[in-house]
Undergrad: 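One structure, as structure tokens, below. Some questions next.
Because only heavy atoms are used, hydrogens play no part in the values below, and waters and symmetry mates are left out as well, while side chains stay in.
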Amino acid sequence: MLPTVNDLTFQAATVNGSGSQSANMVLTRAIFSLGIPVAPKNVFPSNIEGLPTWYQLRVTTQGYQARKGDPDVLVALNPATWRQDLEQVRPGAAVIHQHLYSTADARTDVDYFPVPFTKLAKTEIQNDTLRKQLTNLIYVGVVAGLLEVPFEAIQEGIRRTFPTKPGAWQANEDAARIGFKYWHENFSAHERRHVLRPLTGLTDSQILLEGNQAAALGCIMGGCTVAAWYPITPSSSVCENLAAYADRYRLDKATGERRIAIVQAEDELAALGMAIGAGWAGARAMTSTSGPGISLMAEFSGLAYYAEIPVVIFDIQRIGPSTGLPTRTSQGDLAFIYTLSHGDTKHLVLLPGTVAECYEFAQTAFDLADRFQTPVFVLSDLDLGMNLWMSPQLQYPERPFDRGKVLTKDDLDRLEGEWGRYQDVDGDAVTYRTLPGTEHARAAYFTRGSGHDELARYTESPEAYAANMDRLARKLETARAAMPAPVVETADSAQIGVIAFGSTDAAVVEAREDLREQGLEFSYLRVRALPLSPSLVDFVAAHERIYVIEQNRDGQLYDLIRLELPSQLVGRLRSIRHYDGRPVTAESLSRPLLELEAVPV
Amino acid sequence: MLPTVNDLTFQAATVNGSGSQSANMVLTRAIFSLGIPVAPKNVFPSNIEGLPTWYQLRVTTQGYQARKGDPDVLVALNPATWRQDLEQVRPGAAVIHQHLYSTADARTDVDYFPVPFTKLAKTEIQNDTLRKQLTNLIYVGVVAGLLEVPFEAIQEGIRRTFPTKPGAWQANEDAARIGFKYWHENFSAHERRHVLRPLTGLTDSQILLEGNQAAALGCIMGGCTVAAWYPITPSSSVCENLAAYADRYRLDKATGERRIAIVQAEDELAALGMAIGAGWAGARAMTSTSGPGISLMAEFSGLAYYAEIPVVIFDIQRIGPSTGLPTRTSQGDLAFIYTLSHGDTKHLVLLPGTVAECYEFAQTAFDLADRFQTPVFVLSDLDLGMNLWMSPQLQYPERPFDRGKVLTKDDLDRLEGEWGRYQDVDGDAVTYRTLPGTEHARAAYFTRGSGHDELARYTESPEAYAANMDRLARKLETARAAMPAPVVETADSAQIGVIAFGSTDAAVVEAREDLREQGLEFSYLRVRALPLSPSLVDFVAAHERIYVIEQNRDGQLYDLIRLELPSQLVGRLRSIRHYDGRPVTAESLSRPLLELEAVPV
Amino acid sequence: MAAPALNHIGLARDSYKGVASTLCAGCGHNSITNHVIKALYELGVEPHLLAKMSGIGCSSKTPAYFVERAHGFNGVHGRMPSLTTGAQLANRKLIMLGVSGDGDTASIGLGQFMHMIRRNVDCTYIVEDNGTYGLTKGQFSATADVGSVQKKGTVNAFLPIDPCAVALTLGCSFVARSFSGDGKQLVPLLKAALAHRGTAVLDVISPCVTFNDHDGSTKSYAYIKDHEEELQDVSFIPYFEEIEVDYEPGTTTDVRLHDGSHLRLHKLAQDHDPSDRLGAIRLLEEGRSRGQLVTGLVYLDETMEDFATREHLPERPLHSLGEAELRPSREEFDALMGSLA
Amino acid sequence: MAAPALNHIGLARDSYKGVASTLCAGCGHNSITNHVIKALYELGVEPHLLAKMSGIGCSSKTPAYFVERAHGFNGVHGRMPSLTTGAQLANRKLIMLGVSGDGDTASIGLGQFMHMIRRNVDCTYIVEDNGTYGLTKGQFSATADVGSVQKKGTVNAFLPIDPCAVALTLGCSFVARSFSGDGKQLVPLLKAALAHRGTAVLDVISPCVTFNDHDGSTKSYAYIKDHEEELQDVSFIPYFEEIEVDYEPGTTTDVRLHDGSHLRLHKLAQDHDPSDRLGAIRLLEEGRSRGQLVTGLVYLDETMEDFATREHLPERPLHSLGEAELRPSREEFDALMGSLA
Ligand SMILES: Cc1ncc(C[n+]2csc(CCOP(=O)(O)OP(=O)(O)O)c2C)c(N)n1
Ligand SMILES: Cc1ncc(C[n+]2csc(CCOP(=O)(O)OP(=O)(O)O)c2C)c(N)n1
Ligand code: SF4
Ligand code: SF4
Ligand SMILES: [Mg+2]
Ligand SMILES: [Mg+2]
């Protein structure tokens with residue numbers, strides 16, 4: 001049998017804190033440098049050292065980015081999960097393992113490649129301090145041997161993984177070569193089932209980056225000048241990346257002056273409070289957090305909604321409720337965020353589905369926040385935020401910032417000071433504000449979370465209250481039209497449609513091609529914002545059955561859509577939910593979809 | 001024209017902090033003591049002294065408890081609102097006012113009764129320190145004169161208002177008599193349009209009490225032993241009343257021992273944390289709060305849901321978003337509370353619609369919390385909680401506490417220690433717990449808000465996570481059947497139905513009779529809990545059009561119901577919303593209902 | 001009618017007025033409002049540069065009652081410090097003036113209060129301290145003294161959280177205590193706090209006439225008058241006025257503030273060096289154990305860098321920075337993309 | 001094989017073990033876990049009466065690693081004090097042992113920490129203090145010293161919040177500091193804390209080997225070893241053992257704890273009276289300015305009533321009270337209804 005080319009799933013099962021992460025990066029960068037599309041997924045514990053961790057690397061010529069269930073190649077370096085890891089590989093898989101792990105009574109439908117990693121490391125690696133770390137590079141070499149990856153690619157992978165540490169290149173290369181050599185000396189005669197071959201044209205102007213990194217860069221390009229955050233997985237890397245970019249792009253090396261303030265707050269309440277204070281004073285301000293942090297931000301979110309203060313809030317979702325599984329992915333905050341805070345509060349929510357959108361929507365978020373003077377939530381998740389994704393290069397923004405309706409001193413002069421903070425002069429329910437510090441005797445107004453009239457004066461008048469609430473509702477409608485429209489891909493003959501959002505996209509794209517091959521076509525609409533686009537109704541109307549696919553237990557998007565549909569269309573909707581904390585696979589969508597299709601409505 | 005008997009709305013417009021509240025109580029108790037049904041509403045500012053406040057007292061033989069728009073009798077003692085107050089009375093109203101207020105260019109369709117209150121107080125009231133306070137009693141006397149309330153009733157009203165201060169009776173009586181006398185000397189010749197006449201049979205075994213007082217008594221009868229709270233209007237009086245009842249019923253006078261701990265916490269996070277800690281340790285524990293406090297309780301609510309800890313949370317709703325109008329009523333927290341906290345969290349919610357239910361549901365809440373080991377929210381509101389309502393006497397509970405599935409030392413002996421905290425042995429998704437302090441070597445388990453298996457051990461297993469989440473969803477279904485069923489009153493011929501909840505009840509009951517008189521019958525279903533009862537579907541199915549009536553902007557119950565209905569019934573629903581902070585009136589329901597009925601679906 | 005007196009930026013006292021107070025007549029907070037107006041007027045603060053910040057409570061309403069011509073922000077309960085921190089970072093030019101209550105600061109807001117101090121955010125933070133929750137009708141707050149009696153008779157069992165002591169423990173750069181009834185002391189302290197660059201905490205005892213001014217309360221007018229111990233005679237000489245020497249040497253400490261103004265402290269009964277933090281802690285502790293309320297400037301450190309300085313922020317407001325200053329160039333961007341390929 | 005040694009309630013040391021730790025090898029928190037086990041075992045604490053409480057963080061995971069036979073509650077970040085307070089009120093018999101981190105206590109949890117102390121809730125509160133957020137990978141926490149260097153090189157610019165100093169300011173009834181590596185000192189302090197009735201705060205420096213054990217860190221093993229100043233030789237004599245006199249008079253302070261146990265403090269370099277609160281504050285301040293870490297028993301007040309006592313709660317757990325004890329009688333109820341008619 002000929003080996004399959006450029007189509008496999010690799011998995012490394014290791015122990016966290018053992019330094020396998022950089023080895024996995026080397027392998028990933030090596031393969032990518034051959035022009036082969038990659039899709040890495042990191043499954044790690046909520047722990048610092050000693051617990052199981054898995055790294056999955058998918059290689060497909062289609063460039064699929066979704067997780068795949070069962071690996072074709074396994075590197076097993078964790079005795080605690082050895083048997084369980086072995087259970088999960090496909091029949092025919094190549095299993096590279098510590099040679100001491102027993103294969104007695106183990107599966108017989110796979111190929112075993114025992115490697116004495118510890119012994120090799122002890123005898124062949126000279127550097128005592130780095131030995132533990134470098135041991136992992138040995139398996140990179142073995143895998144390169146197995147998959148016929150040229151060693152030059154591994155060298156390239158090393159250089160790209162440690163671009164700023166050329167001093168470390170040689171040691172890593174040497175370690176990788178130990179494994180590469182071991183393969184060739186012991187297993188080269190073995191028949192290969194999978195190989196990798198350089199490709200051209202598939203990864204041109206593609207890059208590899210994490211969603212949180214993209215979001216951070218989006219904040220830089222979007223003109224963010226104040227960020228306040230509190231560490232929490234999986235959102236920490238948004239502000240950590242932001243700080244790194246700020247060091248590069250916002251620091252005046254001559255004067256030491258910084259054109260951004262990034263504050264590690266004492267908790268999430270303070271983080272959002274600082275961002276709101278900054279937004280009120282005119283800065284483009286943001287915070288980023290995850291699950292528990294979102295819960296703690298409820299009160300302040302309501303204040304910003306009601307007092308109409310621009311602020312951007314990133315929620316990199318992890319699995320809840322409560323602390324839940326802090327290192328597992330989810331789309332479980334959607335509904336909660338949409339109406340975050342008591343009373344009739346409703347927010348603008350952006351739903352990036354790709355890393356490019358993490359970048360783009362970060363910028364959009366600041367524009368929308370300024371334009372609608374309200375909190376804008378950007379909902380990403382652990383999968384999108386913390387995994388590397390292959391993406392087209394990001395685009396330099398062509399447009400200037402949209403700072404919204406801000407009255408300057410000159411404007412006020414022109415108006416002779418006649419203005420009202422909450423007066424709807426343009427009929428779009430969006431009103432004008434001034435920034436503190438505006439040098440005009442009538443610039444000031446008073447901001448409060450309690451009842452206020454059009455001139456921002458305190459009032460308990462029932463009429464003023466209701467009128468203001470009605471305007472806020474209308475403002476949401478104005479905003480609805482300004483939110484990123486859904487991405488729709490219709491299939492001419494399709495009777496069924498699929499609606500999804502966020503990182504589920506990758507699996508839907510793949511499932512769509514899989515099912516098309518099986519003769520089942522569906523149209524696809526990807527929601528990119530709340531409030532929902534009116535065009536959703538047309539999509540539903542154009543299809544007989546609609547599957548809403550999402551990564552939470554309660555079908556939150558499914559519910560939100562049902563509430564927006566004319567009643568006669570509601571019955572077309574069906575819900576598919578995936579919520580075990582692992583990124584969704586194409587198969588876990590297409591299987592229930594096929595099952596449900598078999599059942600009459 | 002003969003005067004109407006026992007059918008009027010009285011309104012006193014005063015300034016807060018001026019002591020009018022006790023005068024209003026005297027009048028209310030006086031009328032009630034005549035066997036005449038009363039319905040008081042207090043509209044007060046978020047302020048301590050000097051701002052407008054209104055007291056409305058409705059008298060009907062039907063015993064209607066809803067607010068009514070325009071008064072028949074006005075006492076105007078606030079110069080700041082004089083003109084506005086005057087605008088609002090009905091044609092033909094009796095307007096008792098400070099004689100200095102100008103009536104020039106004022107309405108001519110009302111009767112003016114100018115009274116020199118300040119002068120009377122100065123000359124006739126001897127007590128210098130109490131003069132300001134007692135001035136208000138003067139208008140009580142005037143009103144008694146106007147409405148032909150016998151002075152003995154006023155005396156009775158005084159005694160009932162100050163039951164523990166007999167020393168104050170005479171001074172109050174004297175002050176009231178000044179007004180009574182003034183009426184008779186100056187206005188007795190005037191033709192009366194409204195009079196009050198003693199009644200029998202209508203108020204037998206009726207009492208007057210506030211919802212928060214009833215809730216506090218419910219907590220006492222429900223066996224609450226730990227309460228932690230943070231002051232906030234309009235919920236403070238729940239725990240303040242609880243403390244007063246505790247002094248009476250939970251204090252061992254001999255030893256000083258208290259059979260309840262009531263803690264004023266440093267904020268709402270701590271308040272709920274204490275209640276959860278106590279619930280975990282086996283106490284029946286509660287907290288109570290309003291709007292902003294609910295937002296602050298989001299994180300801890302999710303913990304209690306996911307770790308399955310019984311706790312009772314009262315939300316006495318006020319109008320939001322944010323600080324909103326702290327002294328105005330609302331039903332705006334419903335949807336937010338149902339899914340309070342990030343991730344797929346879902347709670348049990350009780351919706352008392354009467355003060356008797358505030359009492360009853362407080363007890364039910366503790367039973368449900370223990371039985372389902374989960375937070376139970378009791379949603380009342382400012383109108384229900386802080387106004388006096390006429391109610392049938394409360395019932396002494398007949399049943400013992402339902403403490404749910406708690407394994408004792410003996411149980412564990414019997415089981416030989418074989419048990420799992422999150423094991424669904426009974427098939428109802430409700431599992432067994434032990435209390436800390438249980439003297440058995442296998443009693444202990446570890447409680448956490450992070451992933452756990454059936455034995456309460458830490459796990460990140462996707463399967464264990466999903467299985468647990470599924471069980472929690474099933475537990476909600478078990479609970480659904482145990483929640484208080486809706487109260488349904490069907491009208492045989494009715495094509496339309498009305499659904500409401502909470503304090504809206506009073507207005508619906510009245511609107512129903514009003515519309516019946518106008519020839520429009522409707523059936524009425526009052527929702528009393530979330531998750532919604534399945535019987536709701538039958539109700540909707542049995543009527544052509546359903547009006548969901550609620551006191552919030554976004555139609556929160558309307559949305560929740562639509563999500564529970566089979567799609568073919570969704571189209572039957574229409575939404576009527578009232579959200580200006582004032583308790584809803586019958587008229588403000590029947591008017592839009594009639595309008596909507598005139599429009600074809 | 002004589003023309004109103006103008007301050008050194010040409011504004012009359014009226015320019016510093018706010019809307020009418022809705023607090024109770026006689027409330028200490030109203031007096032503080034007047035002292036604040038006086039201090040701002042005499043200091044000649046530009047109204048448009050003032051940012052009035054507050055939480056929730058009777059005290060937190062007061063920013064509406066002074067300088068209507070300044071922006072104000074009445075946020076949520078206990079979280080004014082974070083709003084203030086963010087606004088200060090966004091625009092260093094703003095003169096941040098926070099007003100809070102004892103409940104707002106020492107109960108729900110304790111954490112934010114302390115972390116703001118730790119960062120030395122440039123702001124004046126007034127605690128209008130009445131030992132009670134005025135707006136929610138008279139419950140004890142965390143600054144209520146042990147043994148203080150509530151109107152209904154309940155006795156407070158817990159030691160108070162003293163905002164000044166807490167601030168000192170954290171090394172707050174400006175700590176003072178005063179009394180709403182003592183404008184002579186409070187006004188110069190307010191001016192100094194405003195001139196100081198860093199967090200200036202002013203704990204001002206401010207009786208609540210409605211709920212905490214009775215016998216048995218340790219925050220009543222009568223009690224404070226009987227128990228106040230003034231540390232110093234405080235006077236403030238703004239940078240735009242000349243310094244006159246009017247005290248005998250040795251009796252007076254003169255502190256130069258960031259903007260060149262001077263704070264002059266003429267010692268009274270006790271000899272306290274306001275640059276001695278440990279001494280300041282002892283002073284408060286000993287005062288407390290004597291049952292006395294020590295007022296005046298407790299501690300001052302003019303050397304500590306404020307937060308925005310430490311963060312190296314530009315002097316210009318951050319909102320005035322445009323695309324060119326905030327976005328990397330196309331070349332830098334392309335280089336970045338290249339490194340990700 | 002010899003039978004394992006049993007403590008005075010007949011349990012072997014193994015009865016105090018928990019599940020295997022998943023912390024990093026060498027983490028200070030693991031040492032503390034062992035000291036806790038030793039203290040509980042030697043003290044003969046009934047496992048079923050122990051309630052292990054914690055927040056979120058590496059430190060907060062440790063309650064799972066000792067006394068599996070005790071109930072434990074790993075709550076949410078920074079809010080362990082409120083859970084502990086509630087549980088203590090619900091059942092005064094429980095021996096509350098809280099474990100927290102410096103982030104959990106001094107950053108997000110500062111307010112709750114302080115209010116728990118103010119109430120003097122009967123519990124032992126261990127801060128496993130590494131100056132960093134271990135679980136989120138090494139950011140500075142609020143106890144990080146000014147000038148301490150992060151692994152990546154960032155220098156901390158802010159003054160630390162010292163849990164002991166904060167506790168002292170509030171009049172905490174038991175304040176001690178120790179070091180994870182010093183079981184000889186920590187174990188008797190732990191026993192004393194457990195025997196004490198009231199809030200006992202133990203700030204235990206506990207190096208994070210993965211993120212904060214490098215040069216430049218002031219919370220590394222090396223740094224602490226170089227800078228620790230032990231106040232006393234501490235020994236604990238449980239109530240069930242006889243007191244032997246083994247020190248010369250004058251060199252030793254003996255404190256009787258609530259349960260009749262004794263804490264014996266043999267003074268070393270410095271002469272510190274642990275009942276002197278002001279002296280304790282000075283001690284910490286001076287240690288800090290010398291750059292030294294003072295460890296040992298800092299302050300103890302055995303006279304203060306704990307919260308449950310102040311609240312006059314019964315000795316029995318509240319959940320054991322039944323309808324008859326919690327509901328008023330029918331007669332009382334009817335009387336109440338009558339008064340509302
Ligand atoms: C989150 C939240 N909890 C509770 C309240 C209710 N509340 C309003 S003011 C206040 C206390 C104010 O006390 P303090 O800060 O001392 O101000 P004072 O009224 O005494 O000046 C409280 C608890 C609120 N507004 N928000
Ligand atoms: C509300 C919330 N915010 C943030 C986090 C993320 N988080 C987990 S542990 C931790 C810090 C722990 O630091 P520390 O208390 O010092 O414990 P250590 O790990 O150092 O022992 C943070 C911020 C969280 N779990 N919850
Ligand atoms: S209640 Fe007290 S604090 Fe509030 S305004 Fe009145 S006197 Fe002042
Ligand atoms: S990261 Fe640090 S605190 Fe956490 S377990 Fe490892 S060494 Fe300990
Ligand atoms: Mg106060
Ligand atoms: Mg730490």
Undergrad: Most heavy-atom pairs under 4.5 angstrom with chain A, which of Gly581(B), Pro52(B), Gly291(B)?
TA: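 Looking at each of Gly581(B), Pro52(B), Gly291(B) in turn, Gly291(B) comes out on top.
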
Undergrad: Consider only side-chain N and O atoms of Arg457(A) and Thr459(A), and report whether a donor and an acceptor are under 3.5 Å apart.
TA: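 Side-chain D/A pair, Arg457(A) to Thr459(A): absent.
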
Undergrad: Looking only at side chains, do Trp54(A) and Asn78(A) share a donor and an acceptor under 3.5 Å apart?
TA: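 No, no side-chain donor-acceptor pair sits under 3.5 Å.
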
Undergrad: Say you draw a straight line from CZ of Arg562(B) to CG of Asp559(A); how long is it, rounded to the nearest 0.5 Å?
TA: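 So the gap between those two atoms works out to 11.0 Å.
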
Undergrad: Measure Tyr465(A) against the heavy atoms of chain B and call it side chain, backbone, both or neither at under 4.5 Å.
TA: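 Side chain only.
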
Undergrad: Mind ranking Gly302(A), Pro566(A), Ala464(A), Ala304(A) by heavy-atom pairs under 4.5 Å with chain B and telling me who comes out on top?
TA: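 That would be Gly302(A).
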
Undergrad: Name the member of Thr345(A), Thr339(A), Ile319(A) that forms the most heavy-atom pairs with chain B at distances under 4.5 Å.
TA: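 Among the listed options, the one with the most contacts to chain B is Ile319(A).
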
Undergrad: Considering only heavy atoms, which portion of Tyr338(A) lies under 4.5 Å from any heavy atom of chain B: side chain, backbone, both, or neither?
TA: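 It is neither, since no heavy atom gets under 4.5 Å.
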
Undergrad: Go through Leu296(A), Leu573(A), Leu563(A) and name the one with the most non-hydrogen pairs under 4.5 angstrom from chain B.
TA: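 Most pairs with chain B among the choices: Leu563(A).
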
Undergrad: Which residue out of Gly449(A), Ala335(A), Pro321(A), Gly343(A) racks up the most heavy-atom pairs below 4.5 Å with chain B?
TA: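 When all of Gly449(A), Ala335(A), Pro321(A), Gly343(A) are compared, Pro321(A) has the most.
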
Undergrad: Tell me, for Leu340(A) versus chain B, whether the close heavy atoms (under 4.5 Å) come from the side chain, the backbone, both or neither.
TA: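 Both backbone and side chain.
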
Undergrad: Using non-hydrogen atoms and a 4.5 Å limit, figure out which bit of Thr327(A) sits close to chain B: side chain, backbone, both or neither.
TA: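 The answer is the side chain of Thr327(A).
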
Undergrad: Do the side chain of Thr289(A) and the main chain of Asp315(A) share a donor and acceptor less than 3.5 angstrom apart?
TA: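 Not confirmed, Thr289(A) side chain does not pair with Asp315(A) backbone.
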
Undergrad: Quick check on the interface: out of Asp554(B), Leu472(B), Leu269(B), Leu334(B), who has the most heavy-atom pairs with chain A under 4.5 Å?
TA: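 Ranked by contacts with chain A, first place is Asp554(B).
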
Undergrad: Below 4.0 angstrom, N of the basic side chain to O of the carboxylate: do Glu477(B) and Arg474(B) qualify?
TA: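 No salt bridge links Glu477(B) with Arg474(B).
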
Undergrad: Which answer fits Arg553(A), side chain, backbone, both or neither, if we ask what part of it has an atom under 4.5 Å from a heavy atom of chain B?
TA: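 Both parts, backbone and side chain.
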
Undergrad: For Arg572(A) and Val540(A), indicate whether the former's side chain and the latter's backbone hold a donor-acceptor pair under 3.5 Å.
TA: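 Judged by distance alone, yes, a pair lies under 3.5 Å.
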
Undergrad: Using non-hydrogen atoms only, which part of Ser450(A) is less than 4.5 Å away from chain B: side chain, backbone, both, or neither?
TA: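 Both parts, backbone and side chain.
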
Undergrad: Against chain A, label Phe300(B) side chain, backbone, both or neither, depending on which of its atoms sit under 4.5 Å from a heavy atom there.
TA: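 Interface part for Phe300(B): neither.
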
Undergrad: Quick one: which of Pro462(B), Ser567(B), Gly332(B) has the most heavy-atom pairs under 4.5 Å with chain A, could you say?
TA: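 So the answer, after comparing Pro462(B), Ser567(B), Gly332(B), is Pro462(B).
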
Undergrad: Quick check on Leu51(A) against chain B: is it the side chain, the backbone, both or neither that has a heavy atom closer than 4.5 Å?
TA: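 Contact with chain B: none, neither part.
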
Undergrad: Looking at Gly293(B), Pro326(B), Pro292(B), which one has more heavy-atom pairs under 4.5 Å with chain A than the rest?
TA: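 Ranked by contacts with chain A, first place is Pro292(B).
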
Undergrad: When the ring centroid of Phe336(A) is compared with that of Phe336(B), is the distance short of 6.0 Å?
TA: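 Yes: the rings meet the under 6.0 Å criterion.
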
Undergrad: When heavy-atom pairs shorter than 4.5 Å are enumerated against chain B, which of Ala298(A), Gly324(A), Pro45(A) gives the highest number?
TA: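 Most heavy-atom pairs within the cutoff with chain B belong to Gly324(A).
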
Undergrad: Select, from Ser322(A), Gly320(A), Ser301(A), the one with the greatest count of heavy-atom pairs under 4.5 Å involving chain B.
TA: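 Of the options given, most contacts go to Ser322(A).
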
Undergrad: Would you say the side-chain atoms of His578(B) pair up with the backbone N or O of Asn552(B), donor to acceptor, closer than 3.5 Å?
TA: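 No, because the side chain of His578(B) does not come within donor-acceptor range (under 3.5 Å) of the backbone of Asn552(B).
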
Undergrad: Is there a side-chain hydrogen bond (donor to acceptor under 3.5 Å, both in side chains) between Asp344(B) and Gln556(A)? Walk through the geometry before answering.
TA: CA-CA 9 Å; Asp344(B) 286 303; Gln556(A) 300 181 10; 2.8 Å; yes

Undergrad: For Gln331(A) and Gln551(A), indicate whether the former's side chain and the latter's backbone hold a donor-acceptor pair under 3.5 Å.
TA: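 Such a contact is found between Gln331(A) side chain and Gln551(A) backbone.
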
Undergrad: Are any side-chain N or O atoms of Gln56(A) and backbone N or O atoms of Arg67(A), one a donor and one an acceptor, separated by less than 3.5 Å?
TA: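 No, Gln56(A) side chain to Arg67(A) backbone: no donor-acceptor pair under 3.5 Å.
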
Undergrad: Between Gln373(B) (side chain only) and Ile309(B) (backbone N and O only), is there a donor and an acceptor less than 3.5 Å apart?
TA: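 Side chain of Gln373(B) to backbone of Ile309(B): no pair is present.
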
Undergrad: Most heavy-atom pairs under 4.5 angstrom with chain A, which of Leu325(B), Leu569(B), Ile294(B)?
TA: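 Of the candidates given, the most pairs with chain A belong to Leu325(B).
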
